Amino acid sequence: MANNDELRKNMALFPIGIVMKLTDLTARQIRYYEQHELVKPARTGGNQRLYSFIDVQRLLEIKDLIEKGVNIAGIKQVLLPVSGDSEEATVITEQTEMKRKELTETQLHKMLKQQLISGKRPGQVSLIQGELSRFFH
DNA sequence: TTTCTAACA
DNA sequence: TGTTAGTA
């Protein structure tokens, strides 16, 4: 019964304060990413957010992408669909998460390379922001 | 004390 | 994103 492990990883345990220390993200950022459905923490009876290990992992991935210069739109394309529903019986296995991560990492590289090489095409919105895109203005 | 939502001199 | 206000 190795499935018991997945249950623990998807179990909502820590409040936003602890997640802040674990990820070095501000509460503002953590809540902002939730608005964009990048993470879906459970809620307590008092409407307090409760995050699971997997939620923290996702936030760390998001933080990593942000640091690489990818904006919300880009992160959505790479990380979606979100593994949602912590209140229902939807449990994501570790393998599923790993495979998804591998694929998206490859896709990310393609996206970045593609956008950095080919200049701005009219009508297309850049998924890269900040310092990275400035080199190509 | 901590977290939540909403909003911006 | 930061930050503040007024609560729960």
Side-chain angles (χ1 to χ4, degrees):
Chain A
M1 296 247 137
N3 194 328
N4 210 293
D5 248 51
E6 308 308 329
L7 289 177
R8 278 188 280 270
K9 289 169 185 166
N10 282 283
M11 183 159 44
L13 297 175
F14 11 76
I16 200 168
I18 293 181
V19 177
M20 288 174 69
K21 296 177 182 175
L22 259 36
T23 63
D24 277 302
L25 289 171
T26 65
R28 179 76 162 80
Q29 289 177 299
I30 297 173
R31 295 182 186 123
Y32 179 70
Y33 301 147
E34 178 183 351
Q35 289 191 301
H36 287 270
E37 300 183 275
L38 267 32
V39 287
K40 301 218 168 150
R43 295 278 184 153
T44 68
N47 198 40
Q48 307 264 265
R49 273 166 266 248
L50 285 186
Y51 300 82
S52 67
F53 287 100
I54 284 189
D55 288 329
V56 174
Q57 284 188 192
R58 283 188 80 82
L59 286 171
L60 287 173
E61 292 178 43
I62 294 170
K63 181 193 173 193
D64 188 75
L65 292 174
I66 288 292
E67 293 175 334
K68 287 182 178 176
V70 182
N71 62 198
I72 301 297
I75 295 178
K76 281 185 179 178
Q77 290 185 38
V78 180
L79 261 39
L80 285 182
V82 66
S83 50
D85 308 339
S86 31
E87 56 181 329
E88 288 177 27
T90 305
V91 177
I92 280 50
T93 67
E94 190 169 18
Q95 285 190 3
T96 302
E97 277 290 303
M98 290 304 286
K99 284 187 178 179
R100 183 192 56 62
K101 191 178 300 177
E102 290 176 27
L103 291 175
T104 57
E105 277 296 316
T106 301
Q107 291 174 184
L108 173 61
H109 287 170
K110 284 187 178 180
M111 290 173 58
L112 294 178
K113 188 176 181 181
Q114 174 186 309
Q115 291 206 11
L116 293 180
I117 294 179
S118 61
K120 318 271 188 185
R121 266 174 296 179
Q124 276 232 140
V125 185
S126 177
L127 299 178
I128 305 171
Q129 74 182 186
E131 306 306 318
L132 207 53
S133 59
R134 292 189 182 182
F135 290 96
F136 304 86
H137 283 172

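Here is how names work: the chains are called A, B, and so on, in the same order as the sequence lines, proteins then strands, and each is numbered from 1. Keep in mind that what you see is a predicted model, and the values were worked out from it rather than measured.
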Nearest 0.5 angstrom please: [X] [atom1] to [Y] [atom2], how far?
X       : Y       : atom1 : atom2 : result
A:Ile16 : A:Leu22 : CD1   : CG    : 12.5 Å
A:Glu6  : A:Ile54 : CD    : CD1   : 6.5 Å
A:Ile75 : A:Leu65 : CD1   : CG    : 5.0 Å
A:Lys9  : A:Leu7  : NZ    : CG    : 10.5 Å

List the residues meeting ring pair (Phe, Tyr, Trp, His ring centres under 6.0 Å) with A:Phe14, not counting sequence neighbours, and say none if there are none.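 Applying ring pair (Phe, Tyr, Trp, His ring centres under 6.0 Å) to A:Phe14 gives A:Phe53.
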Partners passing side-chain contact (heavy atoms from CB on, under 4.5 Å) against A:Gln77 (at least two apart in sequence or in another chain):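 Per chain and number, A:Gln77 pairs via side-chain contact (heavy atoms from CB on, under 4.5 Å) with A:Met111, A:Leu127.
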For A:Leu25, check side-chain contact (heavy atoms from CB on, under 4.5 Å) against everything at least two apart and list the hits.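 side-chain contact (heavy atoms from CB on, under 4.5 Å) list for A:Leu25, sorted by chain: A:Thr23, A:Gln29, A:Ile30, A:Tyr33, A:Leu59, A:Lys63.
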Can you give the first and last nucleotides of DNA chain B, 5' to 3', that have an atom under 4.0 Å from a heavy atom of chain A?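 Taking any atom under 4.0 Å from a heavy atom of chain A, the span is B:dT3 to B:dA7.
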For A:Ile30, which contact category applies under a 4.0 Å heavy-atom criterion: base, sugar-phosphate, or nothing? nothing
Where does the chain A footprint on DNA chain C start and end, counting 5' to 3' with a 4.0 Å heavy-atom cut-off?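 Listing 5' to 3', DNA chain C meets chain A from C:dT1 to C:dT3.
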Stems where DNA chain B pairs, listed by first number, each of three or more Watson-Crick or G-U pairs under 3.5 Å: B:4-8 with C:2-6
Determine which pairs satisfy ring-ring contact (aromatic ring centres under 6.0 Å, His included) with at least one residue from residues 94-117 of chain A, sequence neighbours left out, and list them in order.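 Counting only pairs at least two positions apart or across chains, no ring-ring contact (aromatic ring centres under 6.0 Å, His included) contact touches residues 94-117 of chain A.
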Heavy-atom nearest nucleotide on DNA chain C for A:Gln48 versus A:Ile66: which residue maps closer to 5'? A:Ile66
With side chains defined as the heavy atoms from C-beta onward, is the minimum distance between A:Thr106 and A:Glu102 less than 4.5 Å?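 A:Thr106 does not reach A:Glu102 side chain to side chain.
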Please list all pairs passing the salt bridge (Lys or Arg N to Asp or Glu O under 4.0 Å) test where one or both residues lie in residues 16-34 of chain A, with sequence neighbours left out. A:Glu34-A:Arg43, A:Glu34-A:Arg49
A:Asp64: partners by side-chain hydrogen bond (donor to acceptor under 3.5 Å, both in side chains), with sequence neighbours left out: A:Lys68
Counterpart residues, side-chain hydrogen bond (donor to acceptor under 3.5 Å, both in side chains), relative to A:Ser52 (two or more places apart): A:Asp55
Can you sort out which residues in residues 15-29 of chain A have a heavy atom within less than 4.0 Å of DNA chain B? Ascending by number, please.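 Heavy-atom cutoff 4.0 Å gives A:Pro15, A:Ile16, A:Gly17, A:Arg28.
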Salt bridge (charged side-chain N to carboxylate O under 4.0 Å, His left out) with A:Lys101: which residues, sequence neighbours excluded?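 If we apply the salt bridge (charged side-chain N to carboxylate O under 4.0 Å, His left out) test to A:Lys101, skipping adjacent residues, the hits are A:Glu61.
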